[in-house]
Amino acid sequence: MLYEKPRKKRKEILFDTLLYGAIAIVIFVYFLYGFVSITEMVGESAKVTDVINSVAQIATACAFLLAFTNTERTVSKTAKLKLLWKQKN
């Protein structure tokens with residue numbers, strides 16, 4: 001068909017698979033390094049679930065900050081547009 005996507009070649013599929021596999025391994029190694037570092041600081045009392053919960057809390061806080069900054073930008077743009085609209089009228 002005219003709009004049909006061309007099929008990927010075997011080399012492209014193999015390259016993509018190796019690339020994503022390498023990225024997954026690097027992320028896993030960094031996670032293990034962080035877990036071992038936290039375990040050394042805290043002692044033997046750290047569990048995997050504690051580390052995962054800590055990462056989840058940090059991610060939640062970052063998402064909140066991102067939402068807050070986006071809201072501030074939107075509000076300031078809206079306020080500027082309202083001010084411009086009042087000045088034109």
Side-chain angles (χ1 to χ4, degrees):
M1 290 187 67
L2 185 60
Y3 298 109
E4 188 174 334
K5 289 183 178 179
R7 292 185 59 145
K8 282 190 168 184
K9 297 178 183 175
R10 281 181 127 28
K11 289 181 182 179
E12 291 176 354
I13 293 172
L14 180 65
F15 178 73
D16 288 347
T17 305
L18 291 175
L19 179 68
Y20 292 135
I23 291 171
I25 289 172
V26 168
I27 290 171
F28 181 71
V29 168
Y30 274 116
F31 177 75
L32 283 178
Y33 176 74
F35 178 71
V36 169
S37 298
I38 291 171
T39 305
E40 287 178 358
M41 285 188 287
V42 176
E44 295 298 322
S45 63
K47 296 179 184 175
V48 176
T49 54
D50 294 337
V51 174
I52 292 173
N53 287 337
S54 300
V55 170
Q57 288 176 354
I58 292 169
T60 303
C62 290
F64 176 75
L65 289 174
L66 180 65
F68 182 73
T69 56
N70 284 340
T71 304
E72 287 292 317
R73 285 187 207 150
T74 305
V75 167
S76 66
K77 285 181 184 178
T78 307
K80 287 177 184 177
L81 288 174
K82 286 181 181 178
L83 184 62
L84 287 173
W85 181 256
K86 285 181 181 179
Q87 288 177 354
K88 286 184 181 180
N89 290 335

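Heads up: numbering here begins at 1 and tracks the sequence.
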Sort and list the pairs that fulfil side-chain hydrogen bond (donor to acceptor under 3.5 Å, both in side chains) and have at least one residue in residues 14-29, not counting sequence neighbours. Lys8-Asp16
Kindly give the cluster partners of Leu32, where membership spreads through any ILVMFWY side chain lying under 4.5 Å from a current member. Phe28
Side-chain atoms of residues 53-60: list all donor-acceptor pairs with protein atoms under 3.5 Å, sequence neighbours left out, distances to 0.1 Å.
from	atom 1	to	atom 2	distance (Å)
Asn53	ND2	Thr49	O	3.2
Ser54	OG	Asp50	O	2.9
Thr60	OG1	Ala56	O	2.8

